[in-house]
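Take a look at the structure set out below.
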Amino acid sequence: MSVRVRIAPSPTGPLHIGTARTALFNYLFAKRMGGTFILRLEDTDVARSTLAYEQDILDGLHWLGLEWDEGPEVAGLPARGPFGPYRQMQRLDRYSAAAEKLLAEDKAYHCYCSQEELAADKAAQEAAHQPPHYVGRCAQLSPEQRAAREAEGRRPVVRFRVGEGVVAFDDIVRGHVEIDKTALGGDLIIVRSDGTPLYHFTVCVDDTDMEISHVIRGEDHLSNTPKHILLFQALGADVPQFAHLPLILNPDRTKMSKRKSQTAVADYRAQGYIPEAFVNFLSLLGWSSGTEEEIFTLDELAERFSLERVQSGGAVFDRERLEWLNGQWIRKLTDDELVERCLPFLVTAVEVAAGPSGSSRTPSAEDLRSLMPMVRERMSTLAAVGPLLDFLFVDQLSVEPDLLVPKRWDAPTTAEALTAARGIIAEVGQVSFEADELEPPLRALAEERGWKAGDLFMAIRVAITGKTATPPLFDTMVALGYERTLERIDAAREALTGL
RNA sequence: GCCCCCAUCGUCUAGAGGCCUAGGACGCCACCCUUUCAAGGUGGAGAUCAGGGGUUCGAAUCCCCUUGGGGGCACCA
């Protein structure tokens, strides 16, 4: 039996962390088992589905490297796979055929209950402390009764007969699960009164048609699984294997949500997280290799993954850990790769630093390439290049005057030190402006005047960068250039006289 | 309310009866390196394995109960 798994996102919002993790685990399982990974778009909620969301989801999956083997036509690319269409709105005839079949076999029936009747039932059940369920008012209507309701102009929904008893299944991650049918809420609606099918039904029809062998999804679907099993059986289909993954949680241990966490994959991407780290991080939410290694590429994960090693308790999304992993992965990239990925972040950071009226030079790939060695181990996200280098490209540096004076110093000392340092720097620059040439004479100056070298360097650092945390000072001076280094020191001296 | 699931350091986890006086990682603290910030190195604090009963010569590991947490109960997906 071949392994066929799917990810079935609904384009009613941007790609969510939880969907991405589910996609990843399905992908890894398929790769590991030599199976097929399928993408199916569940777009039957026409009111909330948009093309923009669909594009965001597709972009996100591509970004993560989760290429699907079968899927719909998207953005000009043709559909792939023999089980299409892979878009639910193109499968409506399949659902109505399946519904007709269930109706014909009396496994489903037309229900004419109004929203008001249903609401009243629910209220009564609540008052009686009973679980909400459909009372079965239309379960045994005679042809005459049906005709009477039709005559009133009522449009029926299709309800699936749930019956009595217990549904049991063996979940790959949770083990044996049994749920009594009375907990299912009564006969469930599979087709709306407007004729459009509902989620639980479409999933089962599609999974059957697409010969899905394993349904790997979030734990929030565990309670729905009996409904699906019943539907599969009624459809005369083989019931797939189920594996319910632990939920990804907010810090307060509730299901991860937009309200309490950042849930859109695109937002992390925009903040400079890289896919290698993101995939690695996601893989560790609910799964572990069983060894003490934890840095893995997508391919390495695919070699090691198994559903048996999936955790059953929920996992809090820990941003600090993601950030650490991101830094690890950034340091693994080559300079060229890093330059390519960082450049857009640097460019916008420079624009922001220059301000709406300020002028600046737009950094090039060559610029960044030469600066890479001094920043790469200082970045945990791509966006971190910004504050590390933006001051090199803005024409007018704005420095907080108070910052100019090192902690142990006062303004006159600082001015004096900058003046002395300027002289030395100017002198060195006459011959060759290099980091190795600058450091010894400046250290000598500090010694001579009885200053701590660190204080002197800090004064210069702030003067030329406007910041107290920067890449190594002498490299920074060289990167800035002789002229501009002196200009900025002069500007700082001037600013100091005002203090 | 009803049903289901879950439960090891703050967080992610290792652990499938003796190897556990519970291991690793993130974070935190200290020290080293050091011109700042990082990175790196070393060390440390941090979990009576939710609690209580069993089973067993022996339990974090098996069973039961309690407690706590979460999820699901739509003409949403």
Side-chain angles (χ1 to χ4, degrees), chain A residues 8-13 42-45 47-49 111 113 115 118 122 125-133 155 157-159 171 174-175 177-180 182-186 188-194 196 198-200 202-203 218-227 244 246-247 249 251-255 281 284-295 308 311-325 327 331 375-380 384 387-388 406 439 442-443 446 452-458 460-462 465 467-474 476:
Chain A
S10 180
T12 53
E42 309 216 323
D43 54 357
T44 53
D45 188 346
R48 294 194 296 148
S49 295
C111 168
C113 293
Q115 305 274 11
L118 264 15
K122 196 170 192 172
Q125 287 156 3
E126 201 163 309
H129 297 290
Q130 288 181 331
H133 62 279
R155 296 262 65 87
V157 299
V158 177
R159 275 189 196 272
D171 189 280
R174 265 144 238 281
V177 179
E178 288 188 2
I179 297 178
D180 196 286
T182 55
L184 267 30
L188 73 133
I189 300 175
I190 56 175
V191 180
R192 295 185 182 91
S193 50
D194 68 2
T196 57
L198 255 6
Y199 170 75
H200 294 304
T202 58
V203 175
E219 193 201 323
D220 44 354
H221 284 294
L222 191 62
S223 303
N224 291 328
T225 303
K227 295 175 186 171
H244 286 92
L247 255 22
L249 276 20
D252 66 2
R253 303 203 130 286
T254 54
K255 181 163 100 169
F281 175 70
L284 264 14
L285 284 181
W287 175 84
S288 68
S289 69
T291 70
E292 287 184 354
E293 303 169 273
E294 49 189 3
I295 310 262
E308 284 69 28
Q311 196 88 5
S312 40
V316 172
F317 188 96
D318 181 2
R319 247 196 121 96
E320 306 248 39
R321 194 170 156 79
L322 168 62
E323 189 145 337
W324 171 76
L325 259 178
R331 271 163 242 131
V375 297
R376 67 178 311 143
E377 75 272 21
R378 273 165 253 267
M379 299 193 305
S380 59
L388 247 19
E439 183 168 354
L442 286 169
R443 276 193 189 282
K452 294 197 75 171
D455 290 333
L456 204 219
F457 296 164
M458 183 54 84
I460 302 172
R461 168 177 295 111
V462 175
T465 68
K467 302 166 197 269
T468 54
T470 70
L473 180 61
F474 306 107
T476 301

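Just so it is clear, the model here is predicted, and its values are computed rather than measured. Every chain is numbered from 1, with letters handed out A, B, ... down the list of sequences.
- Using N1 to N3 plus N6-O4 or O6-N4 for Watson-Crick, or N1-O2 and O6-N3 for G-U wobble, each under 3.5 Å, A7(B) pairs with U67(B).
- Contacts of Gly327(A) with the nucleic acid, taken as non-hydrogen atoms under 4.0 Å apart, are absent.
- Rounded to whole angstrom, the span from the CD atom of Glu42(A) across to the P atom of A77(B) amounts to 9 Å.
- Comparing C6(B), A77(B), C3(B) by their closest approach to the side chain of Ser10(A) singles out A77(B).
- With a cut-off of 3.5 Å on both Watson-Crick or G-U wobble distances, the partner of C73(B) is given as G1(B).
- Across all strands shown, Pro471(A) has heavy atoms under 4.0 Å from base atoms, whether or not it also approaches the sugar-phosphate.
- Pairing of C28(B), defined by two Watson-Crick or G-U wobble distances under 3.5 Å, is identified with G44(B).
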Nucleotides 60-67 of chain B: which of its N/O atoms have a protein N/O under 3.5 Å away?
none

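- Here the nucleotide nearest the side chain of His129(A), chosen from U36(B), C12(B), G1(B), is G1(B).
- On the C1' atoms, G46(B) is 24 Å away from C6(B), given to the nearest whole Å.
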Between the protein and nucleotides 71-75 of chain B, list the N/O to N/O atom pairs that are separated by less than 3.5 angstrom.
unit_1, atom_1, unit_2, atom_2, d
G71(B), OP1, Lys255(A), N, 3.0
G71(B), N2, Ser223(A), OG, 3.1
G72(B), OP1, Lys255(A), NZ, 2.8
C75(B), O2, Ser193(A), N, 3.2
C75(B), O2, Ser193(A), OG, 3.1
C75(B), N3, Ser193(A), OG, 3.0

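- In this model, a side-chain donor or acceptor of Arg378(A) finds a partner on the base of C37(B) within 3.5 Å.
- By the 4.5 Å heavy-atom criterion applied to side chains, Glu42(A) and Val203(A) are counted as neighbours.
- Nucleotide U55(B) has no partner under the Watson-Crick or G-U criteria, as no pair reaches both atom distances under 3.5 Å.
- Residue Pro246(A) is classed as having no contact, given no heavy-atom separation below 4.0 Å to the nucleic acid.
- The residues Arg443(A) and Glu439(A) are annotated as salt-bridged, a charged nitrogen and a carboxylate oxygen being separated by less than 4.0 angstrom.
- Contacts of Thr468(A) with the nucleic acid, taken as non-hydrogen atoms under 4.0 Å apart, include base atoms.
- For Arg461(A) and U35(B), a side-chain-to-base donor-acceptor distance below 3.5 Å is present, hydrogens and geometry of angles not being considered.
- Two residues are said to be in side-chain contact when any heavy atoms from C-beta on lie closer than 4.5 Å; Ile179(A) and Leu184(A) meet this criterion.
- Taking atom C1' in both U8(B) and G15(B), the straight-line distance is 9 Å, to the nearest Å.
- Residue contacts shown for Arg331(A) are limited to sugar-phosphate atoms, with no base heavy atom under 4.0 Å away.
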Where along nucleotides 21-29 of chain B does protein come under 4.0 Å, by heavy atom, of base (B) or sugar-phosphate alone (S), with - for untouched nucleotides?
--SSBS---
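- Of all nucleotides listed (C3(B), A38(B), C12(B)), A38(B) comes nearest to the side chain of Glu377(A).
- Taking for each of Gly313(A) and Glu439(A) the nucleotide of RNA chain B with the nearest heavy atom, the 5'-most of the two is the partner of Gly313(A).
- Comparing Gln130(A) and Leu473(A) by the nucleotide of RNA chain B that holds the closest heavy atom to each, the one mapping nearer the 5' end is Gln130(A).
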